[in-house]
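One structure below.
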Amino acid sequence: MSRSAFAAFFARNPRTLARALIGSVLEVDGCGGIIVEAEAYAHNDPASHSYTGRNSRNARMFGPPGTAYVYRSYGVHWCLNFVCDPKQRGCAVLIRALEPTKGLDRMRARRGTDNIRQLCSGPGKLTKALGITGALDGLSLDARPFKLTLPKGPLPPIVTGPRIGITRAVEQPWRFGLKGSRFHSRRFAK
DNA sequence: TCGCCGATGTTCT
DNA sequence: GAACATCGGCGAT
């Protein structure tokens with residue numbers, strides 16, 4: 001994909017981008033899989049890190065579309081986001097779950113389990129499986145160690161629901177999943 | 001299968 | 001000092 005097409009793909013509102021990312025293949029240094037779950041966080045969204053303005057942690061959310069925003073969650077885990085439309089100051093898509101397809105042995109070793117359904121079925125789990133840390137914060141998704149392969153052909157079937165693990169704006173159905181996947185972080189209600 | 005809890009960096013009030 | 005876009009281990013059900 002050309003550089004301009006790459007930027008155009010990400011420079012959309014976070015809900016549209018989250019939906020469009022489902023079915024993409026994300027790899028980091030040869031480890032990864034199919035994105036089966038993502039959440040949208042908007043600039044005017046009380047649940048978003050960018051809601052109260054820019055600070056040293058969320059600075060990447062205000063950067064160019066198509067960069068990674070990696071932050072530490074609960075002081076323990078790393079979480080991976082994709083930055084989207086720069087005109088909507090500070091919005092991003094949280095990558096919540098992958099269906100593991102690449103580098104399975106290395107991901108099993110990093111996660112300490114052989115259960116493939118446990119490798120990447122959560123935002124903290126997938127960063128550990130792929131070796132993602134704060135060192136990757138601010139890097140472009142268009143270059144090493146990242147590799148993102150966007151889906152070709154018709155959009156896959158999508159399910160939606162409320163976001164996970166938040167206390168504000170809990171009613172917004174801004175969690176998107178690949179319909180029928182066995183690799184979600186939590187089940188989607190029917 | 002459920003709920004509770006500890007770990008612990010960074011921001012918010 | 002409290003809250004937080006989480007996870008895994010534990011004991012009870």
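In what follows, every chain begins at residue 1, and chains take the letters A, B, ... in the order their sequences are listed.
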Between OH of A:Y41 and C1' of C:dA5 the distance, given in whole Å, is 4 Å
What nucleotide among C:dC7, C:dC4, C:dA5 has an atom nearest to a side-chain atom of A:T167? C:dC4
Regarding A:I166, tell me which of base, sugar-phosphate or nothing describes its non-hydrogen contacts under 4.0 Å with the strands shown. sugar-phosphate
Can you list the steps and then say if A:H49 with A:Y71 is a side-chain contact (heavy atoms from CB on, under 4.5 Å)? CA-CA 10 Å; A:H49 288 170; A:Y71 72 93; 3.3 Å; yes
Round to the nearest Å and state the distance from A:Q118 atom CD to C:dG9 atom P. 10 Å
In DNA chain B, stems of three or more consecutive pairs, Watson-Crick or G-U, each with both distances under 3.5 Å, turn out to be B:1-7 with C:6-12, B:9-12 with C:1-4
Among A:R19, A:R163, A:R96, exactly one meets salt bridge (Lys or Arg N to Asp or Glu O under 4.0 Å) together with A:E39. Which residue is that? A:R96
Euclidean distance, atom CD of residue A:E39 to atom P of C:dC4 [Å, nearest integer]: 15 Å
Short question: side chain of A:T16, backbone of A:R12 - any donor-acceptor pair under 3.5 Å? no
Would you say A:R186 has more than 12 foreign heavy atoms packed within less than 6.0 Å of its CZ? no
Using atom CZ of A:R186 as one end and atom P of C:dT6 as the other, report the distance to the nearest whole Å. 8 Å
Ignoring hydrogens and geometry beyond distance, is a side-chain donor-acceptor pair present between A:E37 and A:S185 at under 3.5 Å? yes
Any non-hydrogen side-chain atom of A:C91 less than 4.5 Å from a side-chain atom of A:L17? no
In sequence, state the C-alpha distance, the side-chain angles, and the governing distance for A:L141 and A:F9, and then conclude on side-chain contact (heavy atoms from CB on, under 4.5 Å). CA-CA 12 Å; A:L141 297 164; A:F9 178 82; over 6 Å; no
To the nearest angstrom, the CG-P distance between A:N81 and C:dT6 comes to 11 Å
Just how far is it from atom CG of A:L126 to atom CG of A:L98, taken to the nearest 0.5 Å? 5.0 Å
Inter-nucleotide P distance (B:dC5, C:dT13), Å rounded: 15 Å
Spacing between A:L94 atom CG and C:dC4 atom C1', to the nearest angstrom: 13 Å
Taking atom OH of A:Y51 as the centre, report whether more than 12 heavy atoms of other residues, nucleotides or ligands fall under 6.0 Å from it. no
Base, sugar-phosphate, or nothing: which does A:R111 touch, judged by heavy atoms less than 4.0 Å apart? sugar-phosphate
Is A:K128 touching bases, backbone alone, or none of the nucleic acid, heavy atoms closer than 4.0 Å? nothing
Using the six-membered ring of A:F188, assess whether NZ or CZ of A:R175 lies under 6.0 Å from its centre and within 45 degrees of the ring axis. yes
Atom P, compared across B:dT13 and C:dA5: separation rounded to whole Å: 12 Å
Going 5' to 3' through nucleotides 7-13 of chain B, assign each nucleotide B (protein heavy atom under 4.0 Å from a base atom), S (under 4.0 Å only from sugar-phosphate atoms) or - (no protein heavy atom that close). BBBSSS-
A:Y71 over C:dA5, stacked by centroid distance under 5.5 Å, angle under 30°: no
Rounding to an integer number of Å, can you tell me how far A:D45 CG sits from C:dC4 P? 14 Å
Specify the separation, in whole Å, of atom CD of A:E171 and atom P of C:dA5. 14 Å
